[in-house]
Participant: 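Take this structure first; my questions come after.
The sequence lines fix the lettering, A, B, ..., with proteins before strands; numbering per chain opens at 1.
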Amino acid sequence: MLAMAPGEKIKAKIKKNLPVRGPQAPTIKELMRWYCLNTNTHGCRRIVVSRGRLRRLLWILFTLTAVALIFWQCALLVASFYTVSVSIKVHFQKLDFPAVTICNINPYKYSVVRDLLADLEQETRVALKTLYGFPENTSRKRREAESWNSAWEGTRPKFLKLVPLMAFGQDETGEAKDFLTGRKRKFNGRIIHKASDATHVHLSKEVVGFQLCSNDTSHCALYTFSSGVNAIQEWYTLHYMNIMAQVPLEKKINMSYSAEELLVTCLFDGVSCDARNFTLFHHPMYGNCYTFNNRENETILSTSMGGSEYGLQVILYLNEEEYNPFLVSSSGAKVIVHRQDEYPFIEDVGTEIEPAMATSIGMHLTESFKLSEPYSQCTEDGSDVPISNIYKAAYSLQICLHSCFQTKMVEKCGCAQYNQPLPPAANYCNYQQHPNWMYCYYELHQAFVREELGCQAVCREACSFKEWTLTTSLAQWPSVVSEKWLLPILTWDQGQQIKKKLNKTDLAKLLIFYKDLNQRSIMESPANSIEMLLSNFGGQLGLWMSCSVVCVIEIIEVFFIDSFSIIARHQWQKAKEWWARRHAPPGPQGRDNPGLDVDDELPTFTSALRLPPAPGTQVPGTPPPRYNTLRLERAFSDQLTDTQVPAES
Amino acid sequence: MHLKKYLRKCLHRLQKGPGYTYKELLVWYCNNTNTHGPKRIICEGPKKKAMWFLITLLFTSLVCWQWGVFIRTYLSWEVSVSLSIGFKTMDFPAVTICNASPFQYSKVKHLLKDLDELMEAVLERILAPEQSYANATRTLNFTIWNDTPLVLIDERKPSRPVVLDLLGDVHNGSASSSPAPGRTCTAQGCKVAMRLCRLNGTVCTFRNFTSATQALTEWYLLQATNIFSQVPRHKLVEMGYPAERLILACLFGPEPCNYRNFTSIFHPDYGNCYIFNWGMTEKALPSANPGAEFGLKLILDIGQEDYVPFLTSTAGARLLLHGQRSYPFIKDEGIYAMSGTETSIGVLVDKLERKGEPYSQCTVNGSDVPVRNLYSDYNTTYSIQACIRSCFQEHMIQNCSCAHFLYPLPHGERYCNNREFPDWAYCYSHLCMSVAQRETCINMCKESCNDTQYKMTISMADWPSEASEDWIFHVLSQERDQSTNITLNRKGVVKLNIYFQEFNYRIIEESAANNIVWLLSNLGGQFGFWMGGSVLCLIEFGEILIDFVWITIIKLVAFAKSLRQRRAQARYAGPPPTVAELVEAHTNFGFQPDVARPGPDPGTYPDEQTLPIPGTPPPNYDSLRLQPLDVIESDSEGDAI
């Protein structure tokens, strides 16, 4: 024993000092007392060692408040865990030039496409004459006045018969004048004013509309417009799509403008470019469009200098004579700036260019990145959206909505709408195969706009997108003095393509360039990482109670494992006692200490000592001397104070 | 002496650590530390002890790892961005106005006479009108032509392209009967190109164009640059549009202003430009209200009839909003304003304030950029455009030994022209095409830390209206030219309204995302979360380490001593050791277990002065005391208090 290391000695002492603990504690009260005295958490100890009821109560209150505060703050921390912080960075660097798609507003050369549309044009003119008294043959000289008149006698009108245009008075009695036959006719069905949900047009005069019926003509819907301009254009477009849907794609491409024709000159970054740098993109409503810098033939072009001379400069030949008078009523070109893998939604987001003007478009690039699940509902590449992408392009919200509509259209109406690409195994709608598609389409479109198809709910926005902010300004071009030499030389450039001299209004100049090479990226990043969360927890726990994970483990140990084992032991004892009493009724009796007969073990030293005298009484005589003060101790022994509870077991 | 005493005292203090062996020390540490885990290792049973040991170890490593993460995050110098938007009184931006044509044609005609004649001749050759050679007799100045002639490349036979000097036969005077090339060959078969030569025309390249329009425009521009670069600056200024001719009316808020409020600056591309509110000499004007009523209203006359016909094909005014004291890079960022219209521009100021080193690579005033800012001659602030342009001019001077006309002239250098530097066009076109040159410049230049951009909302309307046209033109003509005749027309007048929008500023400000307070609080949070520790615990740990070292030293000293003694012992190998020697040797611990010595050995604790009242230890009388537990405890507390 002499060789016993001092460390072991200390341990022995500690063991002696530590009172009953863990599952060995006789009662839960003991256990709690022991916990409070020895725990690392602040506050508990104060409850036990405080003297006086008020003070003890206060400490209990303080401790409980601190616990409550901890829970509250930590709940707040957890709740704010999935938040994002947004950072905006602007840096100057070499930038990729975006893809630029340019379309003439008019899709097909009218001289070529007129054969297909001759009947429709005739009927439109008849309608115009009957409704508004518009004289047919004054506007366009190249039309022979009587040719259609004679044709009219022979054939019955098919378009007006199919979808009759009507004018009706505003009394809404269900009377409408079918201007073709001149007689009034009853119609049964709903009147749908176009966009009447959104804007309440005060209708005072006669309105024009057309009726669309389903197969058995029992369900009809009437579409009315406040102005005949809209009615006739809408009616014309409807039939136009019908006709064009039956024309094969190659023929349509040939009917439209070629790249050489559209682009007179082209200059990028100070270097000449020509039609070969543009790729064809056929849009159903805009005909042939041409995309610059589409990556298909080479790498993406980039700009290392800002300013108009380092961007794209093109002169476009618009050829206003070939415009379709009913389909498009404005003249010019449309241009859209987009990402290389993005589908150009030219009808939705294009910028229009005026003829006889120089349009200078300065760009600023903004890149946005969002965080996907669980921070927001965006999608990286659209693979987790239950809509199949019918476009051959990268996912975007618009693509999803259009795809969704087209898919629904094929489902409900059995054919695909002309404006959008074909889904696999579907055809474009036309009269021959789908006689009542128009009614179906209009119904479906109404449902789509009212968000009844569920497309808006299913489609999610993309997580990252590039956006080019455009600053557009116009100037006169060519100037009065330069017009004289510029137009002939441009005509020479155009060469054999056209036979006539170019006119100022047939041309448009377009400049697209980066204003400066500052790229702005808006990035979301998680506001909290797991480390931050834990350290904030630590801060809260430490601030209110000086608690740590160790304390939590302690609490679990004491409150759950030890307490339960004590309770279980008590129950076991009780059960055993009850069993014993039942089988052997005469047992040891006459004990007055009720606390002891629960515990039927052999009396411990303490309990044995405590038994005979009443608590508080002392052995008479002098108190035992404080021998400890005499002891010559080693440095460590001051651990042992004489007032510790002797805990012999 | 005192010092020595003090030091010895210190030594004793130090020696009086908590223990004399490692184990003792460790146990003491575990028992007394404020960190939460270690105490448990000591006071539990063997199974729990192992568990607690593992837990403590795990938590310690967790804390270390997380600390590493935080320190690395801190050293990555991230920034957080705050964005604020609203309206406040701000300085009205500087407004630079230029005419799209740099010079009045009537004043530069004499300089451009030869060039224009050449241009017309070329046009004739290409377009080949019927009366082609009616006026071919006029004398052309072929010295200009021969430096950089335009050629027609006939590519109708792709294997053997024919290169044809456009004015070659006219020049020789012999083949005047040959048909004009433009008639026989169209744009599909023939391309117009520019021939650039150096070393007296021995090494040549062709600069190709896909359209004749571009070729002619570029060629004319090159030649015009050549001519204007030889004219002294003050003469160029005279030939441009004077302020009183360009600016007809000016109104800033309720206060009238006129052309004298504009600072003149000569821009090589656009001639005389005029800057309103540049803030160079006087204080910048503030604007306290949003809306068109409180902005700048201007009426300009661009005089389209007097444009240089071949130099600019676009007609309009050029306009740029920029910050005070900054150089207007109007060709890059400027917008057009069309004649015959009223252009309204709503302005939103977009300010960007970056943190400098070590957060990002930006420069406050450009002094740490290795490019000399040539625009500092104008007394303007640094901007990255200025840097890139200065860099280009530097390269130009290095490669071509002359400065380009479109960029500022460094001291002691000369502008390029064909007379003195015959090779410059060739050299310049090479430099322009070189990607490496641009990359070098971009990499060299740093962005500036404070950046102001003006976002514009542009809208247009016809102006003047047909009803008001008459009187407006009359009044304006009367004011400018003091004549009753109308000297203005729709093709010349431009009206501009520039004003602040309802929200006039947006400030994006960077601030350090992680500062030292953030770091400390997170370190503390982590340590507290896992182990309930603090800096004091670290100090405790350091103290223990010192004790460790101290014990080691003591042990080493003892070991060395014992070694010496053993060596001394080895000398008297023969006789058995005396008691005294044994006593001496007791410091050697290795010696003890060999021989079990019966009976109490007085030398067992040679270095413990404290022990030694012999006999049994005093009895633990406390254990005999008869007292209820509670009483004892409260007593002890009472003592303690």
Participant: Any side-chain heavy atom of A/Leu486 sitting closer than 4.5 Å to one from B/Thr213?
Facilitator: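 They are in side-chain contact.
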Participant: Starting from the C-alpha separation in whole Å, work towards a yes-or-no answer on side-chain contact (heavy atoms from CB on, under 4.5 Å) for A/Ser546 and B/His36.
Facilitator: CA-CA 10 Å; A/Ser546 172; B/His36 287 176; 4.2 Å; yes
Participant: Is B/Arg354 reaching over with its side chain to a backbone N or O of A/Val90, donor-acceptor style, under 3.5 angstrom?
Facilitator: yes
Participant: Side chain from CB out, backbone as N, CA, C, O: work out which of these in B/Phe59 comes under 4.5 Å of a heavy atom of chain A, or both, or neither.
Facilitator: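 Only the side chain of B/Phe59 comes within 4.5 Å of chain A.
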Participant: In terms of heavy-atom proximity below 4.5 Å to chain A, should B/Asp269 be classed as side chain, backbone, both, or neither?
Facilitator: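 For B/Asp269, there is no contact with chain A at all, as no heavy atom is under 4.5 Å.
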Participant: Which region of B/Glu447, side chain (C-beta onward) or backbone (N, CA, C, O), has a non-hydrogen atom less than 4.5 Å from a non-hydrogen atom of chain A, or is it both or neither?
Facilitator: side chain
Participant: In Å and rounded to the nearest 0.5 Å, what is the CZ to CD distance from A/Phe92 to B/Gln361?
Facilitator: 15.0 Å
Participant: Check whether any side-chain heavy atom of B/Asn522 lies under 4.5 Å from a side-chain heavy atom of A/Glu531, and answer yes or no.
Facilitator: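 B/Asn522 does not reach A/Glu531 side chain to side chain.
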Participant: Below 4.5 Å from any heavy atom of chain A, which atoms of B/Glu439 appear? Answer side chain, backbone, both or neither.
Facilitator: side chain
Participant: Does any heavy atom of chain B fall under 4.5 Å from the side chain of A/His364, the backbone, both, or neither of them?
Facilitator: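 Contact with chain B involves the side chain of A/His364 alone.
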Participant: Are a donor atom and an acceptor atom from the side chains of A/Gln313 and B/Gln214 found within less than 3.5 Å of each other?
Facilitator: no
Participant: Specify which of B/Met433, B/Glu78, B/Glu510, B/Gln453 makes the most heavy-atom pairs with chain A at under 4.5 Å.
Facilitator: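 Winner by heavy-atom pair count: B/Gln453.
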Participant: Sequence neighbours excluded, which residues qualify as ring-ring contact (aromatic ring centres under 6.0 Å, His included) partners of B/Trp518?
Facilitator: B/Phe70
Participant: Look at the side chain of A/Gln476 and the backbone N and O of B/Ala315, then say whether any donor-acceptor pair between them is shorter than 3.5 Å.
Facilitator: no
Participant: Side chain, backbone, both or neither: which part of B/Ile335 has an atom under 4.5 Å from a heavy atom of chain A?
Facilitator: both
Participant: Select one option (side chain, backbone, both, neither) describing which atoms of B/Ala337 are under 4.5 Å from chain A's heavy atoms.
Facilitator: backbone
Participant: Is any side-chain heavy atom of A/Thr265 closer than 4.5 Å to a side-chain heavy atom of B/Phe209?
Facilitator: no
Participant: Drop me the distance from B/Ile458's CD1 to A/Ser473's OG, to the nearest 0.5 angstrom.
Facilitator: 5.5 Å
Participant: Go through the steps for B/Ser313 and A/Trp477 under the test side-chain contact (heavy atoms from CB on, under 4.5 Å), then give the verdict.
Facilitator: CA-CA 6 Å; B/Ser313 57; A/Trp477 177 90; 3.2 Å; yes
Participant: Dump the intermediate steps for side-chain contact (heavy atoms from CB on, under 4.5 Å) on B/Phe529 and A/Val549, then the final yes or no.
Facilitator: CA-CA 6 Å; B/Phe529 182 68; A/Val549 174; 3.7 Å; yes
Participant: Measure distances from B/Ser534 to the heavy atoms of chain A and classify the residue's part below 4.5 Å as side chain, backbone, both or neither.
Facilitator: neither
Participant: Flag yes if more than 12 heavy atoms outside B/Lys455 fall under 6.0 Å of its NZ atom; otherwise flag no.
Facilitator: yes
Participant: Applying side-chain contact (heavy atoms from CB on, under 4.5 Å) to B/Ile442 and A/Leu517, what does each step give before you reach the verdict?
Facilitator: CA-CA 10 Å; B/Ile442 283 194; A/Leu517 300 180; 4.1 Å; yes
Participant: Please classify the contact between B/Asp451 and chain A as side chain, backbone, both or neither, with a heavy-atom cut-off of under 4.5 Å.
Facilitator: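 Just the side chain, heavy atoms under 4.5 Å.
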Participant: Any salt bridge between A/Asp269 and B/Arg438, counting N to O under 4.0 Å?
Facilitator: yes
Participant: At what distance, to the nearest 0.5 angstrom, does OG1 of A/Thr471 lie from CE of B/Met456?
Facilitator: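 Rounded to the nearest 0.5 Å, the OG1-CE separation comes out at 5.5 Å.
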Participant: Top residue by heavy-atom pair count (under 4.5 Å) with chain A, among B/Phe329, B/Trp52, B/Tyr105?
Facilitator: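 So the answer, after comparing B/Phe329, B/Trp52, B/Tyr105, is B/Trp52.
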Participant: With a 4.5 angstrom heavy-atom cut-off, which part of A/Thr472 approaches chain B: side chain, backbone, both or neither?
Facilitator: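 Backbone only.
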Participant: So how far is it from A/Asn277 CG to B/Thr210 OG1, rounded to the nearest 0.5 Å?
Facilitator: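 These two atoms lie 8.5 Å from each other.
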Participant: Heavy-atom distance under 4.5 Å to chain A: side chain of B/Leu216, backbone, both or neither?
Facilitator: side chain
Participant: Using 0.5 Å steps for rounding, measure from the CD atom of B/Gln66 to the CG atom of A/Leu534.
Facilitator: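 Reported to 0.5 Å precision, the distance equals 6.0 Å.
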Participant: For B/Leu311, which atoms come within 4.5 Å of any heavy atom of chain A: side chain, backbone, both, or neither?
Facilitator: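 For B/Leu311, no heavy atom lies under 4.5 Å from chain A.
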Participant: Considering residues at least two apart in sequence or located in another chain, which fulfil the ring-ring contact (aromatic ring centres under 6.0 Å, His included) criterion with B/Phe310?
Facilitator: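 Listed in chain order: A/Trp485, B/Tyr220.
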Participant: Enter the distance from B/Leu352:CG to A/Arg520:CZ here, rounded to the nearest 0.5 Å.
Facilitator: 6.5 Å
